[in-house]
Amino acid sequence: MYRNANCGELTADLAGKTVTLAGWVQKRRDLGGVIFIDLRDRSGFVQIVFNPEVSQEAWNTADKVRSEYCLSVTGQVSKRDPEAVNPKIKTGDIEIMISEINVLNKSKTPPFPIEDGIEASEDVRLKYRYLDLRRPEMLETFKMRNRVTHTLRSFLDEKDFLDIETPILTKSTPEGARDYLVPSRVHPGEFYALPQSPQLFKQLLMASGIEKYYQIARCFRDEDLRADRQPEFTQVDIEMSFFELKPFQDMIEDMLVNLVKKVKGIDIPRPFKRLTYAQAMDLYGSDKPDTRFGMTLIDLTDIAADSTLKVFKEVQEKGGKVKAINVKGKASHFSRKQVDEDLRGIVSPYGAKGLAWLKVEEGGMKGPIAKFFDEALTARIVERTNAEPGDLLLFVADNKKIVESSLGALRLHLGKILNLIDKSAFNFLWVTEFPLLSYSEEEHRFVAEHHPFTMPVLEDLDKIESDPGSVRAQSYDMVLNGFELGSGSERICNHEMQEKMFKVLGFTKERAEKQFGFLMEAFEYGTPPHGGMALGIDRIVMLLAGRSSLRDTIAFPKTASASDLLTHAPSEVSEAQLGELHLDVATLLK
RNA sequence: GGGUCCGUGGUGUAGUGGUUAACAUGCCUGCCUGUCACGCAGGAGAUCGGCGGUUCAAGUCCGCUCGGACCCGCCA
């Protein structure tokens, strides 16, 4: 027997009882005569004591034991003397007097200490991921992840959703992200793709009469990564037939409220806040706004155009925007240099050519652009921005996209550095009525904003050919604290509508048939109206656990360049393997 | 595809172009029977990511390259 109790669960009630524990050496303190070891397992740790008077043999072994040795020990639970109690430790009022020790496995000295809050760099942690995962905070994150998936599964199961698996080896589709491809051995020159999401299959399951489907599904996208993006990630994917928007969204809210309650013990108020895409962009400069703080974008295009500042006037004439944010009471917080260098550095990657500013003072404005605004204009700005002495106004003037994205990023940056964000808050937000299509400069055509199976808003349908960019979609995103958790939509289930959609997307009939013919054919066999959504599990866990990187929520994640530092994937394969797959790797030229 | 930052004993950092590369921690050895950030004494441990260049002289400057982090583009 390796053990009959867990280290972190022992209490003084067991005093006098003999227990057998198994775990790892967290810390060894050798006082010459007596040796103390903190023994750690998944449940926590407890101090075990080796005293030669109890067992010379066990002491001899403990003398040689080092950090991260894996042990099984037997001894008597003992209450500590009052002066020896350590109130900082959960099991600090007891210790185990060891009579028997068994070294199950030795350990090299670990490259970093197995404890919370370590400073080891990310690459070292990933190379020794199995050691990193031993750290309590990592363990806690994965316990939480388990609670998240378990809670979601029971919720959806109770609502009669069926968990159905869909293929990992599937068909490459032209829309959306770049596919990870898998060469076929049996079909020379042909490839499977790993799914970007189970989208097509879940729609086919609706055609199959499943009515309610869910899956905790792995998705793969071969695109460049970010702190909140991994090449493979997990979604809770949901789809239902006889879909109606309101009840469906109510159920999703229920599911998330239930989730946060079960996992964090926090009550989230309902209904969730809602913004249309247009409102979100207008107020926050983002389609996934962090609504935990204000400082929204204020449109000053009309006022700015009346000023004598040439760039503001020109922007207005070209149909652009002048917008500002009011950094309340922080005028003295930023020097001219900090605005011109630090804050400008935030907006410039988004294409903003400048960042104008005004400091609000009693009876006027101060700053390089103040002279372009007369008293009346200044008064209008004060009124529009609710400015008070001590406020700092920051302006960007450019086309709508640049103004919104840059000021949106600036707002977020300021919210973080000025501590305007309530870190304990969970602000869920629906963002609705996304555009159905957006124009791709790269491809010189309209592409689906969500995916090509999204139902347009019916009243916009007549504009789908004349002004495709203005058509809204029956789609919605779920946003939490500035992160897109997921998106969904009502789907097209009608063959003609789907054909029309592919036409707008620039597909020939033949190409649409070849790529998606199976789906369109399914629509001809009584496919019910349906819709659904998918929510990113990794991001949910990241936010609930208060982590800042998705890597901390995935057991074996990849780096920003999509490599695995532990296994060294991806890696070269043998000529023989390539041959079987009918592949010839082009020689890389320098 | 582009940008910013980083790479120095096991780990984390410091390091004006100039002597033997510093500090903390970890590790090893010895001493120590009540520690829990144990203590005390001693010791080992670095081709300064790699290649090339500038220079009398490079951890330090330059170029390339590899690796990591973050951002823009990209991510239906």
On a whole-Å scale, what distance lies between the [atom1] atoms belonging to [N] and [M]?
N	M	atom1	value
B:C48	B:A58	P	12 Å
B:C64	B:G3	P	10 Å
B:C38	B:G59	P	38 Å
B:U55	B:G49	P	23 Å
B:U47	B:U33	C1'	46 Å
B:U29	B:U19	P	35 Å

Just to verify, which of A:D237, A:L204, A:L200, A:L205 counts as forming a side-chain contact (heavy atoms from CB on, under 4.5 Å) with A:T166?
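Of the listed options, the one satisfying the test is A:L205.
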Here's a test for you: under side-chain contact (heavy atoms from CB on, under 4.5 Å), which of A:L10, A:V49, A:I37 qualifies with A:I96?
A:L10
Scan every strand shown for a Watson-Crick or G-U wobble partner of [N], both distances under 3.5 Å, and answer none if you come up empty.
N	value
B:A22	B:U13
B:A46	none
B:C38	none

Check whether NZ of the Lys or CZ of the Arg A:R511 lies under 6.0 Å from the centre of the six-membered ring of A:F507 and within 45 degrees of that ring's axis.
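Relative to the ring axis of A:F507, which defines the angle, A:R511 lies inside both limits.
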Atom-pair distance (CD on A:Q230; P on B:G68), nearest Å
12 Å
Starting at CG of A:L126 and ending at P of B:A69, how long is that distance when rounded to a whole Å?
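Computing the A:L126:CG to B:A69:P distance gives 7 Å.
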Ignoring hydrogens and angles, answer whether the base of [N] and the side-chain atoms of [X] contain a donor-acceptor pair closer than 3.5 Å.
X	N	result
A:R229	B:C74	yes
A:E95	B:G34	yes
A:R226	B:G73	yes

Hey, which sits more toward the 5' end of RNA chain B by its nearest nucleotide, A:Q47 or A:S67?
A:S67
Let me spell it out: for each of A:S121 and A:R80, pick the nucleotide of RNA chain B with the closest heavy atom. Which residue's pick is nearer the 5' end?
A:S121
Crowded around A:R445 CZ? As in, over 12 foreign heavy atoms under 6.0 Å?
yes
Can you list the residues that meet the side chain to side chain contact (heavy atoms under 4.5 Å, CB included) rule with A:I417, with sequence neighbours excluded?
A:F334, A:H413, A:L414
Base, sugar-phosphate, or nothing for A:A84, non-hydrogen atoms under 4.0 angstrom?
base
